[in-house]
Amino acid sequence: MPEREAFVLGATGQIGRAAVQALAEDGWRVRAASRRGGRDPGWPEEVRSMAVDREEEGALTAAVGEGCDVLLDCCALQLRHGQQLSALADRIGSAVVVSSGGVYEDERGRSFATQGEPDGFPRYPVPVPETQRTVAPGDDDYGSRKAALERDLLAEGERLPVTLLRCAAVHGPHSRTPRELYFVRRWLDGRRVRLLAYRGESRFHPVHVANIAELARLAARQPGSRVLNAADPQAPTVAQMAQAVDDVLGWECETVLLEGAPPAAEPMLGRTPWSLPHPLVLDMSAAERELGYRAVTGYEESLPRTLHQLADTVRGRDWREVLPDMAEAYDPLGDYFGYAAEDRWLAERNGRSEHGS
Ligand SMILES: NC(=O)c1ccc[n+]([C@@H]2O[C@H](COP(=O)([O-])OP(=O)(O)OC[C@H]3O[C@@H](n4cnc5c(N)ncnc54)[C@H](OP(=O)(O)O)[C@@H]3O)[C@@H](O)[C@H]2O)c1
């Protein structure tokens, strides 16, 4: 491949770091743009990093300058971000845009946005193909905003070929919202018991950043207008994830299974960041067929680096201070580390079983 240029927006995020690396290794000249600039120490030095705030009028256009062969957008969250790319169609050969499985809705119109309602959690087919219906585009919530930008970009057709990558639950090093904190914080706290709602059988399909990067690399080589799921080869249950984490940490932790949802009086009991009442498992056959995608890693094999990097980040520190995005995303849901409530519940349960009820 003659040297071609890729422009990565959101390059210092968890996905961007891996994607810049994958594109550079594949022979692309890479411009790595993020709000504050900066670079990953692992990138080749030829990677050019730059500071660009896409919310500043004209900043992205100026940064793209005369153009690039592909633009990978890792931080497009709403319609106007898609419109920024459409406006650059004459200067971008093609685009790859990170989207989300959060756009899917089930046959009864239930999606992640309705999960707070009674019986509001979607029942998707297993696995979910890209042809599954999606929420109405709008500006009401994360899913409807992603749907709006997806639809807008797909309407560009040949004027701007765009691959939309609908990511599952992203994992890997340098996450600002690392779900694995649920296990790592407990390990660091010496907490030897954990509760898992829904019998630990929830499945919220993970995807490692290196697999997203691989999809982006393949899509960059094969421009087209398409939507593809982005997920790991396996979709383990929460109980399997917990065991895999213990194995990496060399740790033994008792797992107590709750039959169903967390109790109404203690809504955080057993609720991990993957604890869905019904599975979200993405079908990867279209990516395999259309791009020749083969995953480059899996959940278990990728865990050691993720866990050790996360442990180094939070050890001896207040996780809310070092991971403010995590606190913002998860604190409103309740306390994931409410050990006192767990101990009360376990003591009551033990009392109940001692009294034979
Ligand atoms: N986490 C999940 O489970 C999940 C699931 C499905 C889809 N997704 C999608 O994944 C994407 C997030 O990727 P990520 O996890 O790699 O993100 P991340 O780790 O939070 O990093 C965000 C990146 O975007 C940059 N950025 C943010 N605002 C910007 C702006 N105004 N102008 C220029 N750059 C900006 C950041 O730069 P600074 O560091 O300088 O701020 C950083 O490089 C989103 O599109 C999200 O919808 C995530």
Side-chain angles (χ1 to χ4, degrees), residues 7-22 30-40 43 47 49-64 71-82 84-85 95-104 111-112 128 141-150 153 163-182 204-213 215-216 227-232 272-274 276 280 282 299 306 309-310 313 323-330:
F7 186 103
V8 179
L9 187 59
T12 53
Q14 58 174 341
I15 298 171
R17 283 173 191 248
V20 168
Q21 186 84 36
V30 184
R31 273 185 279 165
S34 61
R35 191 165 32 195
R36 293 169 295 176
R39 55 190 301 120
D40 186 279
W43 291 343
V47 170
S49 74
M50 57 203 300
V52 182
D53 185 347
R54 74 182 312 162
E55 305 302 348
E56 260 174 39
E57 186 71 37
L60 180 59
T61 306
V64 168
L71 189 148
L72 167 61
D73 191 340
C74 303
C75 55
L77 296 173
Q78 50 196 310
L79 181 61
R80 76 165 183 280
H81 295 154
Q84 287 177 330
L85 305 190
V96 181
V97 177
V98 174
S99 188
S100 167
V103 297
Y104 289 123
S111 67
F112 273 61
V128 185
D141 50 59
Y142 176 76
S144 67
R145 287 184 203 111
K146 283 283 198 191
L149 91 91
E150 279 196 356
L153 285 169
T163 300
L164 292 155
L165 297 176
R166 287 186 182 150
C167 296
V170 181
H171 64 107
H174 304 292
S175 172
R176 295 168 195 195
T177 53
R179 292 179 178 84
E180 282 70 17
L181 182 70
Y182 189 83
F204 187 177
H205 207 157
V207 59
H208 190 266
V209 290
N211 288 335
I212 305 173
L215 283 158
V227 179
L228 294 172
N229 285 332
D232 284 350
T272 74
W274 303 269
L276 310 182
L280 175 60
L282 300 184
Y299 190 72
T306 305
Q309 197 256 335
L310 179 55
T313 303
L323 295 168
D325 290 1
M326 182 82 187
E328 195 184 320
Y330 286 89

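Keep in mind the model is a prediction, meaning the values are calculated, not measured. Just so you know, ligand 1 is whichever comes first in the structure, and atom 1 is the first atom listed for that ligand.
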Gap separating the CZ atom of Arg39 from the OG1 atom of Thr12, nearest 0.5 angstrom: 11.5 Å
Beyond-backbone contact of Gln14 with Arg176, side-chain heavy atoms, under 4.5 angstrom: no
Return the orientation label for the His171 and His208 ring planes: parallel under 30°, perpendicular over 60°, tilted otherwise. perpendicular
Quick check for you: to the nearest 0.5 Å, what is the distance between Gln84 atom CD and Leu153 atom CG? 10.5 Å
Work out which heavy atom in Ala148 is nearest to a heavy atom in Leu79; give both atom names and the distance. O-CD1, 3.6 Å
Listing by chain and number, which residues have a heavy atom under 4.0 Å from ligand 1? Leu9, Gly10, Ala11, Thr12, Gly13, Gln14, Ile15, Ser34, Arg35, Arg36, Val52, Asp53, Arg54, Glu55, Cys74, Cys75, Ala76, Leu77, Val98, Ser99, Ser100, Tyr142, Lys146, Cys167, Ala168, Ala169, Val170, Arg176, Arg179
Could you tell me which non-hydrogen atom of Ser34 sits nearest to which non-hydrogen atom of Ala11, and how far apart they are? CB-N, 4.2 Å
